[in-house]
Structures are given as structure tokens and as C-alpha cells.
Amino acid sequence: MSYPALATRTAVVTGAASGMGAATARLLAAGGARVALLARRADRLADLAAEIAGAGGQAVAVTADITDQASVDAAAEAVHAAFGPVDLVVNNAGVMLPNPLDDGRIDEWARMIDTNLTGALRIVRAFTPDLVEAAAEGRAADLVNVSSIASHVVFPNYAVYGATKAGLTQLSAALRTELGPRDVRVSAVEPGLTETELGEHIDNPALREQLGGMFEAIPALGADDIADLIAYTVTRPRHVNLRHVVALPTRQA
């Protein structure tokens, strides 16, 4: 779909080096938005920025680690230097590291919590003043948090991942009570089974095989499907907030 309303927007997309983040950045830029690409993999970001520029779009690659406050602070400064204040933030960066709770993988728990929840909060803290300012000027202002159906659907061995995504969905609901009265829209997008790189981080062979079996049994969503959903969400009239959107493959639904 085409979203001409994007032409006036300035966006930040985290986790932009691959998957849903990269697809979202491409679609926003194709619609005319100026897009700041945030992720850790500088080479991937540079390639994506060049691809977007080659297609006539505007993008800046900003290497950032959302688990590090100083990195996020530096990224915010770089975004503002390149594009000024933003009016659209897509909190997409995330990691999925399932294992039985009995394994006691505190390293994985800490990484998921710091990326999926605390990292998202760092981005919220960095760019909320921009969103509030944009809304006060009468413009659309959006915070989109990419959560997961794991926030409300229980999967064995995914307890901590599910808890972080439940926290992100709940955070979105709570932020609406604070930002909604100031005309900033907050949306939680919860994809079901989607083709991304998340599964590649799993170090448990049995769980990797199990996830692979799900992809064989169910035609999954693609990253472009989620990007289209995000673009649709943020281009509604500014008085319309699609607050909680769940997208599933038809056979998973």
C-alpha cells in the first residue's frame, strides 16, 4: 500500500539492521519519511541507508546499542543533528532466547530484559520530548512498540521472553495514560509467527528444531507484513489511536 501521509514524518527505527526493523525503515522511507536507522551492526545499517538513498529516500545510519545508556544518548544527538526532532518512534529492537527455566540462564534473562524492556525505555526516554513537542504543534506523533503474541500466549521454555514482551505491552498501555492526553499515540504491535532472524539466536538445538517445525507447518508472516501494519497504524488521522494490534498468520490464528 501507499502511505502519502508519511512524507511529512521524521522517524526513528530501532533494530533496523534486519527483519521487521529494516522492512519498516524501507517502507517509511518509500513513503517520504526521513528515517534514522538504529542498530548495533554498522555495516548492515550503512548498506540499508545506501539502498534507501538509491531508491530516492532519506535515511541516516546511527550505530547504537540500546542496552547502553551512553550509546543511546549519543544516538539521540546524532539523530537530532541529522534530522532535528522526530515525530515517529518504532521500538523494534528485541532478542528471543528461549530455554527451560531450570537451566538458570541468567545471562540470557538479563540480555532479554535489558534489550526488550529496559532498552525500549531508554529509547522512550530519549525521544518522548520530541513526540510531545510535535503533538503540541498539531502534528501526528507516534510511539510504536513492537511486542509479541508471547505477551499473552504461553509457550513452554519462553517464560522470560514472554515476560519481557508482556512488560512491553503493559508499558504501552500505561504510557497511553500519560501521553494520550497530550495527543501522542502509543501503539503496541504484537506479531505472531514471523520470518525474522530472532530464531537464529537460539542456542538450544531442540528448541531451534521445534521452531523450525512451526515454520514448516504454518505459512508465516513476513517482515514486510509487519512493516505495512506499522505504516498503516501511524498514518491514521491523528485523533485515531490503534492502541493494540495483534497480527497472526491465518493458520496460527
Side-chain angles (χ1 to χ4, degrees), residues 14-24 38-41 44 64-69 71-72 90-124 144-175 188-223 225-226 229 244-253:
T14 69
S18 65
M20 293 183 287
T24 299
L38 270 62
R40 293 177 301 165
R41 292 176 287 185
R44 292 272 195 99
D65 179 355
I66 66 168
T67 69
D68 181 88
Q69 186 60 54
S71 181
V72 172
V90 181
N91 247 333
N92 167 75
V95 63
M96 182 178 72
L97 304 169
N99 262 312
L101 201 67
D102 288 349
D103 286 4
R105 293 291 300 273
I106 295 176
D107 58 328
E108 293 183 337
W109 304 348
R111 185 178 170 193
M112 285 188 283
I113 292 168
D114 207 19
T115 303
N116 300 353
L117 190 54
T118 310
L121 278 165
R122 291 187 180 99
I123 295 297
V124 170
V144 179
N145 292 322
V146 180
S147 184
S148 165
I149 63 164
S151 70
H152 61 272
V153 179
V154 177
F155 297 98
N157 304 311
Y158 287 74
V160 179
Y161 174 73
T164 63
K165 290 302 187 177
L168 185 58
T169 294
Q170 178 62 23
L171 173 65
S172 303
L175 287 176
V189 174
E190 296 187 350
L193 190 67
T194 307
E195 287 277 7
T196 70
E197 292 185 358
L198 282 181
E200 297 178 9
H201 302 146
I202 299 174
D203 66 4
N204 185 312
L207 293 179
R208 283 182 69 111
E209 184 177 354
Q210 180 188 65
L211 184 62
M214 290 182 66
F215 280 107
E216 291 177 6
I218 300 171
L221 300 175
D225 296 320
I226 305 306
L229 183 59
H244 189 177
V245 184
V246 180
L248 298 177
T250 300
R251 291 192 182 181
Q252 187 179 28

Exercise. Which pairs, with at least one residue in residues 208-223 and sequence neighbours excluded, count as a salt bridge (charged side-chain N to carboxylate O under 4.0 Å, His left out)?
Worked result: none

Seminar exercise, completed: side chain to side chain donor-acceptor pair (under 3.5 Å) filter on D225, not counting sequence neighbours, yields none

For this session: List the atom of A39, the atom of A16, and the distance in Å for their closest heavy-atom pair.
Result: CB-N, 3.9 Å

Problem set entry | T194: partners by side chain to side chain contact (heavy atoms under 4.5 Å, CB included), with sequence neighbours left out | M20, P191, T196, L221, I226

For this session: Give a yes or no answer on whether the side chain of D65 reaches the backbone of S71 with a donor-acceptor pair at less than 3.5 Å.
Result: no

Problem set entry | Smallest separation among heavy atoms of A217 and P219, with atom names | O-CD, 4.0 Å

Would you mind writing out the side-chain donor-acceptor pairs for residues 244-253 within the sub-3.5 Å range, not counting sequence neighbours?
residue: H244; atom: NE2; partner: E190; partner atom: OE1; Å: 3.2
residue: H244; atom: NE2; partner: E190; partner atom: OE2; Å: 3.1
residue: Q252; atom: OE1; partner: L193; partner atom: N; Å: 2.9

Exercise. Closest approach of S172 and N145, non-hydrogen atoms and distance?
Worked result: OG-ND2, 2.9 Å

Problem set entry | Residue pair F155 / I149, side-chain heavy-atom distance below 4.5 Å | yes

Exercise. Partners of R40 by salt bridge (charged side-chain N to carboxylate O under 4.0 Å, His left out), sequence neighbours excluded?
Worked result: none

Problem set entry | I66 and L38, any side-chain heavy atoms less than 4.5 Å apart | no

Problem set entry | With sequence neighbours excluded, residues passing side chain to side chain contact (heavy atoms under 4.5 Å, CB included) with A23 | A223, D224, A227

Exercise. For D203, which residues count as a side chain to side chain donor-acceptor pair (under 3.5 Å) partner, sequence neighbours excluded?
Worked result: N99, R105

For this session: Find the distance between CG (L101) and CH2 (W109) and round it off to the nearest 0.5 Å.
Result: 5.0 Å

Seminar exercise, completed: Here the pair of heavy atoms bringing Y161 nearest to A150 is CE2-CB, 3.7 Å

Exercise. Among all residues two or more places apart in sequence or in another chain, which pass the side chain to side chain donor-acceptor pair (under 3.5 Å) test with S148?
Worked result: none

Problem set entry | Which atom of V146 lies closest to which atom of V90, heavy atoms considered | CG2-CG1, 4.2 Å

Exercise. Taking atom CE of M96 and atom CG of L211, what is their separation to the nearest 0.5 Å?
Worked result: 5.0 Å

For this session: Please test Y158 against V153 for side-chain contact (heavy atoms from CB on, under 4.5 Å), starting from the C-alpha separation and ending with a verdict.
Result: CA-CA 10 Å; Y158 287 74; V153 179; over 6 Å; no

For this session: Please name the pair of heavy atoms, one in A22 and one in A17, separated by the smallest distance, quoted to 0.1 Å.
Result: CB-C, 4.3 Å

Exercise. Is any side-chain heavy atom of I202 closer than 4.5 Å to a side-chain heavy atom of Q210?
Worked result: no

Problem set entry | With sequence neighbours excluded, residues passing side chain to side chain donor-acceptor pair (under 3.5 Å) with T24 | none

Run the side-chain donor-acceptor check on residues 111-121: report pairs under 3.5 Å with partners two or more places apart or on a different chain.
residue: D114; atom: OD1; partner: R122; partner atom: NH1; Å: 3.1
residue: D114; atom: OD1; partner: R122; partner atom: NH2; Å: 3.2
residue: T115; atom: OG1; partner: R111; partner atom: O; Å: 2.9
residue: N116; atom: OD1; partner: V95; partner atom: N; Å: 2.8
residue: N116; atom: ND2; partner: V95; partner atom: O; Å: 2.9
residue: N116; atom: ND2; partner: T164; partner atom: OG1; Å: 3.1

For this session: Taking T14 for its side chain and N92 for its backbone only, find out whether a donor-acceptor pair lies under 3.5 Å.
Result: yes

